[in-house]
Colleague: 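Below is a structure I'd like to ask you about.
Residue numbering restarts at 1 for every chain, and letters A, B, ... go by the order of the sequence lines. Just the heavy atoms: all of them, side chains too, but no hydrogens, waters or symmetry mates, feed the values below.
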Amino acid sequence: NAGVTQTPKFQVLKTGQSMTLQCAQDMNHNSMYWYRQDPGMGLRLIYYSASEGTTDKGEVPNGYNVSRLNKREFSLRLESAAPSQTSVYFCASSGVKFGNTEAFFGQGTRLTVV
Amino acid sequence: AQKITQTQPGMFVQEKEAVTLDCTYDTSDQSYGLFWYKQPSSGEMIFLIYQGSYDEQNATEGRYSLNFQKARKSANLVISASQLGDSAMYFCAMREGIQGAQKLVFGQGTRLTINP
């Protein structure tokens, strides 16, 4: 049982390049989320998805797009990376298991845009 | 408006003492959930405990308990018998919204340092 898996763990991009961060969960959760965490800060919600086929903007969606490919996978795309997008990105999923609500995170992706 | 407020940027506690980390929240929803996470220096986010707005009992999980005061809109984390390994950032989070469109938003965190 892997939980939430994010790839890659580290990435360096040049300004203007594009990339997709991948996230997959194997816990059969309905909800999935993408966050960014800047140094010394809390987590800010970029986008979230309540179920397959639906996505909604969070607090800081500008410069990002997402796809909820199926129940398991939720990807985050940077179309034209900017230095301000240098951050650690976390994917999370949430659901109910055995009557208990849970929300787990992936290991994070450390992205540097130069 | 800030949805989740953690007013203690840093806390210093002696090993074996109990510690309370504060969290207040703001929502007009009747149905919501509150989470606490631990983030050690290695960076991963570790799920600690969850409290639903309709849960009548305070949630407990090992040495962690959540002091839920609904009328005051507070959801403080209590760690009993603190250990050196408890030193980390701690984040409070709230899930709100109608079923099927629920956001999960975080406070700014509290850095807890356990002294030997």
Colleague: Could you state whether A:Y89 and A:M32 fall into the same hydrophobic cluster, counting links through intermediate Ile, Leu, Val, Met, Phe, Trp or Tyr residues with side-chain heavy atoms under 4.5 angstrom apart?
Modeller: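 Yes, A:Y89 connects to A:M32 through the hydrophobic network.
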Colleague: Within residues 33-42 of chain B, which residues come under 4.5 Å of chain A, heavy atom to heavy atom?
Modeller: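 Within residues 33-42 of chain B, the residues under 4.5 Å from chain A are B:F35, B:Y37, B:Q39.
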Colleague: Is any residue of residues 46-74 of chain B within less than 4.5 Å of chain A by heavy atoms, and which ones?
Modeller: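 So the qualifying residues are B:F47, B:Y50.
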Colleague: Might you point out which heavy atoms bring A:L45 and B:L104 nearest each other, and give the distance in Å?
Modeller: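 Shortest heavy-atom separation between A:L45 and B:L104 comes out as CD2-O, 4.2 Å.
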Colleague: Applying the 4.5 Å side-chain criterion to the ILVMFWY set and letting contacts propagate, would B:M45 and A:M27 be lumped into a single cluster?
Modeller: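 In one cluster with B:M45: A:M27, yes.
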Colleague: Suppose a student defines contact as a heavy atom less than 4.5 Å from any heavy atom of chain B. Which residues in residues 102-114 of chain A would they list?
Modeller: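 Residues in range: A:E102, A:A103, A:F104, A:F105.
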Colleague: When hydrophobic residues are tied together by side-chain contacts of less than 4.5 Å, even through go-betweens, does A:Y47 share a cluster with B:M94?
Modeller: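 No, no single cluster joins them.
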Colleague: I need the full list of disulfide (SG to SG under 2.5 Å) pairs touching residues 35-79 of chain A, with sequence neighbours left out, sorted by first then second residue.
Modeller: none
Colleague: So, taking the atom named CE in B:M89 and the one named CD in A:Q37, what distance separates them when rounded to the nearest 0.5 Å?
Modeller: 7.5 Å
Colleague: Transitively linked via ILVMFWY side-chain contacts under 4.5 Å: A:Y64 with B:V105?
Modeller: no
Colleague: Do you know which two heavy atoms are closest between A:L43 and B:F106, and how far apart they sit?
Modeller: O-CB, 3.8 Å
Colleague: Between atom NZ of B:K103 and atom CG of A:D56, what is the distance when rounded to the nearest 0.5 Å?
Modeller: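 Those atoms lie 8.5 Å apart.
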Colleague: Say whether A:V4 and A:W34 are linked into one hydrophobic cluster, either directly or through other cluster members, by side-chain heavy-atom distances under 4.5 angstrom.
Modeller: no
